[in-house]
Novice: 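Dropping a structure here in structure tokens format, bear with me for questions.
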Amino acid sequence: MRVDELITLDHPKALEVYRHSCAHLLAQAVQQLFPETKLAVGPPIENGFYYDFLRDRPFTEEDLARIERRMKELAEQDIPIVHKWLPKEEVLRYFESRGEIFKVELIHERGGDPVSCYQQAEFLDFCKGPHVPSTGYLKALKILSTSGAYWRGDERNPQLQRIYGTCFPTATALVEYLHQLEEARRRDHRRLGTELDLFSVQDSIGPGLILWHPKGAVIRRQLEEFLYEAHFRRGYQVVYTPHVARLEHWRVSGHLDFYRDYMFPPMELEERVPYQLKPMNCPFHIVIYKSRRRSYRELPVRLFEFGTVYRYERSGVLHGLLRVRGFTQDDSHIFCTQDQIEAEILGVLDFIREVLGTFGFHEYKVYLSTRPEKFVGTLEAWEVATQALQQALERVGLAYAVDPGEGVFYGPKIDVKIRDAIGRWWQCSTVQVDFNLPERFDLTYVGPDGHPHRVTMIHRAILGSMERFMGVLIENFAGAFPFWVAPVQARVLPVSDRHADYAVRVQHRLFQQGFRVEADLRDERVSAKIRDAELEKVPFIFIVGDREAAQETVAVRVRGLGDQGPWPVAQIEAHFHRLRASRRLDLWPPEG
RNA sequence: GCCGGCGUAGCUCAGCCGGUAGAGCGGCUGAUUCGUAAUCAGCAGGUCGCCGGUUCGAGUCCGGCCGCCGGCUCCA
């Protein structure tokens, strides 16, 4: 965007400009109402904007209400927003005289001479723009929340008061956005977790530690069975490993030096040899690989485990299932030769596509994370490993962005984010190439020449963490799970007591074939039972009365579709078998 | 960890300026035997997150701790 470019409302960047101007409006209002406040920065963000302020007291609810009112008044006054090129000296003197230390710092750092500034009435800000021509353009705006934020995002710097807001060109667009927020709240996995009785987190157990209730455990088991089966088909071997290992092992792996901040403290046993709860599974798979000599003929060796790890996460970052302290990874380590790396990465990328596609996730964002500041190994090894990942991505034609310095300490990685039903992105899969742990643990295979060669490791997880993925699933489906994962797949509702026997017969018939079917024999009206089953998002409701009992049918009610009329139990049974086997996401109709 | 808000029955929440706790849902019991989103009635259920302080008296005020929520920073 050039400053002098004409930007109309249909321009892709229009909303950004609009919100940026709204951030200025916020700052103007704040400085009018609270003149002692100093300005930091105020950019547009994905769904709105924020502005950071330095102030000794935080903003209260009433403050925010006043600020919003003032913003609307200023918008109504339709104050022209004027772009100015001012001499650097003059601008610096201006901000210095006002004690605007952050502005002065910013101008020194990135201001040219003359300096680009924007002015609306008495309010002047250092800014490259562009902006809307006047405050009157800013129609539908709303202050949303406040928070603390560090100057330049560094927690060693002073903490500022951030005010978040959003704005749209029309009131309807704003209302629509607020509805979206409402929709996200409705799908919140923490809320649904309680409502559907899937899991809990309890004070007595500890923050970030998940208890899976029976219904949540059913879902998890379906995922596990699916993944075990899929791994088996792709030549992986399942292993199980302990949750703790001698601390010394973590010293060799480098975790003690490079990952200590994320580990639970070591524990000392009677013989005074310290043990460490595991933050990762790789050091265990490594020793399984190393337990005997390996020939090049058996590579690649692909070890897979639902490995539960524990990481110390700072209390403020915990969030339901999405950020926890104990979680289970669908973790695998592939041990292969250098020549096999590319094929293995391609295989993993294909595997990711298959697994995530099964849940209906087809849109991805891919990131290549490169060497971080603290790392083990040589620069050459990092270079080769990064190349390998990059080549694989280019080979399959996946668009990706580079995330500099975001790799793990032992290697670079590919991260995959998926888009959910309401457009949010979640990090799940990860693929990492590692030349370093094989070195540290002296992992070799015997080549055709009869000599030992260094093996290469690929770390990968597809769902990432069972906890996080299930949180994403809950939100994605809003608790209305596909047939194959639904905790209760069908519920049979007798119309009155005398149909209870038939209801139980239907239930048993399906239950015997491994379907999760319940009969609701409570002394309630049918409509009450329907309501309860609907609220629990049970995919199929079968209502049985005199007509159904006489004809060996059930009156089918499908989640989201309503009454589908009578169907022979035999046909329902066949439909269920097909639904389960195909892991189809829709429920109806039975054909295809 | 940091900033702000919050913590009352299983869940959602009410409780004014301090006077000793309430609703709806859920649970239990009884009546009702009912055809596509809530049948009626009765009953039970709370050391008001924990510890300390102020006060004649604390769910209410103050302090500390624990936890949760929105962010910051960070991540599977």
Side-chain angles (χ1 to χ4, degrees), chain A residues 50 52 55 57-61 63-64 144-164 185 188 190-191 194-195 197 200-208 261-262 279-281 307 309 311-331 369 406 408 413 415-417 426-430 432 459-469 471-472 493-500 523-536 541-548 555-558 562-566:
Chain A
Y50 67 79
D52 285 345
R55 185 176 188 240
R57 278 180 308 136
F59 295 101
T60 64
E61 284 291 313
D63 292 341
L64 296 181
L144 295 173
S145 59
T146 59
S147 90
Y150 304 103
W151 169 238
R152 293 172 181 274
D154 189 327
E155 64 187 24
R156 288 163 303 198
N157 286 339
Q159 190 155 32
L160 310 168
Q161 306 293 329
R162 176 170 296 179
I163 298 180
Y164 285 94
R185 259 193 295 279
D188 192 309
R190 292 164 300 184
R191 177 196 167 125
T194 306
E195 280 176 9
D197 199 14
S200 62
V201 186
Q202 297 184 33
D203 287 9
S204 58
I205 302 301
D261 290 350
Y262 288 102
M280 288 190 194
N281 301 301
V309 297
R311 296 184 186 172
Y312 169 73
E313 298 284 355
R314 299 159 105 196
S315 62
V317 307
L318 300 174
H319 183 89
L321 297 176
L322 301 178
R323 193 73 183 276
V324 295
R325 285 186 176 156
F327 59 99
T328 302
Q329 299 176 305
D330 57 329
D331 205 2
S369 299
E406 292 303 310
V408 204
K413 61 174 179 171
D415 282 331
V416 178
K417 290 190 183 185
W426 307 93
Q427 147 93 67
C428 294
S429 315
T430 181
Q432 306 160 357
H459 308 238
R460 51 107 282 197
I462 296 180
L463 302 186
S465 124
M466 299 304 282
E467 285 74 9
R468 176 177 288 181
F469 191 77
V472 172
L493 316 185
V495 170
S496 82
D497 275 1
R498 69 174 183 284
H499 311 112
D523 182 10
E524 286 290 347
R525 320 210 152 197
V526 178
S527 57
K529 294 182 189 179
I530 288 173
R531 181 182 151 84
D532 290 343
E534 289 281 356
L535 289 175
E536 287 174 53
I541 296 171
F542 299 140
I543 292 149
V544 297
D546 292 331
R547 296 196 291 276
E548 288 75 19
V556 178
R557 187 183 159 112
V558 181
D563 192 357
Q564 301 297 314

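Reminder, nothing fancy here: chain letters follow the sequence lines and each chain counts from 1.
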Novice: Looking only at heavy atoms, which two atoms of A/Y150 and A/L160 are closest? And how far apart?
Specialist: C-CD1, 4.4 Å
Novice: Using the side-chain contact (heavy atoms from CB on, under 4.5 Å) criterion, which residues pair with A/L318? Sequence neighbours excluded.
Specialist: A/P207, A/E313, A/R325
Novice: Does atom CZ of A/R185 have more than 12 heavy-atom neighbours, drawn from other residues, nucleotides or ligands, at distances under 6.0 Å?
Specialist: yes
Novice: Does B/rG70 have OP1 or OP2 sitting under 4.0 Å from an N or O in the side chain of A/H319?
Specialist: yes
Novice: Does A/R557 contact B/rA37 through a side-chain donor or acceptor facing the base, at a distance under 3.5 Å?
Specialist: yes
Novice: Is the distance from OP1 or OP2 of B/rA38 to the nearest side-chain N or O of A/R525 less than 4.0 Å?
Specialist: no
Novice: Check A/D154 with A/R152, please: is the shortest side-chain N to carboxylate O separation under 4.0 Å?
Specialist: no
Novice: Roughly, in whole Å, what's the span from CD in A/E155 to P in B/rG71?
Specialist: 18 Å
Novice: At less than 3.5 Å, do the side-chain atoms of A/Y150 and the base atoms of B/rC3 form a donor-acceptor pair?
Specialist: no
Novice: Return the set of residues passing salt bridge (charged side-chain N to carboxylate O under 4.0 Å, His left out) with A/R525 (not counting sequence neighbours), or none when no residue passes.
Specialist: none
Novice: I'd like a list of close polar pairs between nucleotides 59-62 of chain B and the protein, N/O only, cut-off under 3.5 Å.
Specialist:
none

Novice: By the 4.0 Å heavy-atom rule, please label A/G148 as base, sugar-phosphate, or nothing.
Specialist: base
Novice: Counting only N and O atoms by type, is there a donor-acceptor contact under 3.5 Å from the side chain of A/R311 to the main-chain atoms of A/P279?
Specialist: yes
Novice: Which whole-number value in Å describes the distance from A/L463 CG to B/rA76 P?
Specialist: 15 Å
Novice: Between the base of B/rG1 and the side chain of A/Y312, is one N or O donor paired with an acceptor at under 3.5 angstrom?
Specialist: no
Novice: Name the nucleic acid region contacted by A/K413, choosing base, sugar-phosphate or nothing; use a 4.0 angstrom heavy-atom cut-off, strictly under.
Specialist: sugar-phosphate
Novice: Start at the 5' end of RNA chain B and walk down; is the nucleotide closest to A/P207 or to A/V526 reached first?
Specialist: A/V526
Novice: Between A/R314 and A/E155, does any NZ, NE, NH1 or NH2 come within less than 4.0 Å of an OD or OE carboxylate oxygen?
Specialist: yes
Novice: Taking the P atom of each, how far is B/rG4 from B/rA41, in whole Å?
Specialist: 49 Å
Novice: Closest to the A/T194 side chain: B/rC72, B/rC11, B/rU36?
Specialist: B/rC11
Novice: With the criterion being N/O to N/O and under 3.5 Å, what pairs connect the protein with nucleotides 4-9 of chain B, and how long is each?
Specialist:
none

Novice: Tell me whether the OP1 or OP2 atom of B/rC34 has a side-chain N or O from A/K529 closer than 4.0 Å.
Specialist: no
Novice: Where do A/V526 and A/L493 come nearest, in terms of heavy atoms and distance?
Specialist: O-CD1, 4.3 Å
Novice: Between the side chain of A/E536 and the main-chain N/O of A/A533, is any donor-acceptor distance below 3.5 Å?
Specialist: no
Novice: What stem regions, each of at least 3 consecutive Watson-Crick or G-U pairs below 3.5 Å, can be found for RNA chain B?
Specialist: B:1-7 with B:66-72, B:10-13 with B:22-25, B:27-31 with B:39-43, B:49-53 with B:61-65
Novice: How would you label the contact of A/A533 with the nucleic acid (heavy atoms, under 4.0 Å): base, sugar-phosphate, or nothing?
Specialist: nothing
Novice: Using a heavy-atom cut-off of 4.0 Å across all strands, would you classify A/E524 as base, sugar-phosphate, or nothing?
Specialist: base
Novice: Over all strands shown, is A/R547 touching base, sugar-phosphate only, or nothing at heavy-atom distances under 4.0 angstrom?
Specialist: base
Novice: By the 4.0 Å heavy-atom rule, please label A/E534 as base, sugar-phosphate, or nothing.
Specialist: base
Novice: Using whole Å, what does the distance between atom P of nucleotide B/rG71 and atom CZ of A/R162 come to?
Specialist: 11 Å
Novice: Given atom CG of A/D52 and atom C1' of B/rU73, what is their separation to the nearest angstrom?
Specialist: 13 Å
Novice: From the options B/rC74, B/rG71, B/rU39, select the nucleotide whose nearest atom is closest to the side chain of A/S147.
Specialist: B/rG71
Novice: Check the distance between B/rC3's P and A/N157's CG and give it to me in whole angstrom.
Specialist: 15 Å
Novice: As a test of reading the structure: which of B/rU73, B/rC75, B/rA37 is closest to the side chain of A/R323, going by heavy atoms?
Specialist: B/rC75
Novice: Need one value for A/A461: base, sugar-phosphate or nothing, where a base atom within 4.0 Å counts as base even if backbone is also close, heavy atoms only.
Specialist: nothing
Novice: For the CD atom on A/E61, are there more than 12 heavy atoms of other groups (residues, nucleotides or ligands in this structure) within a distance under 6.0 Å?
Specialist: no
Novice: Round to the nearest Å and state the distance from A/L160 atom CG to B/rC2 atom P.
Specialist: 17 Å
Novice: To the nearest 0.5 angstrom, please state how far the CZ atom of A/R468 sits from the CG atom of A/L321.
Specialist: 10.5 Å
Novice: Kindly point out which of B/rC11, B/rG1, B/rA37 is positioned nearest to the side chain of A/R314?
Specialist: B/rG1
Novice: Considering only atom C1', compute the distance from B/rG10 to B/rC28 and round it to an integer number of Å.
Specialist: 14 Å
Novice: Does a distance-only test, which skips hydrogens and angles, find a donor-acceptor pair under 3.5 Å between the side chain of A/R468 and the base of B/rC75?
Specialist: yes
Novice: Rounded to the Å, how far apart are A/L64 CG and B/rG70 C1'?
Specialist: 12 Å
Novice: Test for a donor-acceptor pair under 3.5 Å between the base of B/rA76 and the side chain of A/E313, counting only N and O atoms.
Specialist: yes
Novice: Could you pull out the protein-nucleic contacts involving nucleotides 23-27 of chain B (nitrogen or oxygen on both sides, under 3.5 Å)?
Specialist:
none

Novice: Going by centres under 5.5 angstrom and planes under 30 degrees, do the aromatic ring of A/Y164 and the base ring of B/rG71 stack?
Specialist: no
Novice: Tell me which of A/Q159 and A/E548 sits closer to the 5' end of RNA chain B, going by the nucleotide each one is nearest to.
Specialist: A/Q159
Novice: Classify A/V309 by what it touches in the nucleic acid, base, sugar-phosphate, or nothing, heavy-atom distance under 4.0 Å.
Specialist: nothing
Novice: A/R531 has a side chain; which of B/rA38, B/rU36, B/rU33 sits nearest to it?
Specialist: B/rA38
Novice: If you look at every strand shown and take non-hydrogen atoms under 4.0 Å, does A/G153 touch a base, only sugar-phosphate, or nothing?
Specialist: sugar-phosphate
Novice: Is any side-chain N or O of A/S315 closer than 4.0 Å to OP1 or OP2 of B/rG1?
Specialist: yes
Novice: When rounded to the nearest Å, what value does the distance between P atoms of B/rU8 and B/rC16 take?
Specialist: 15 Å
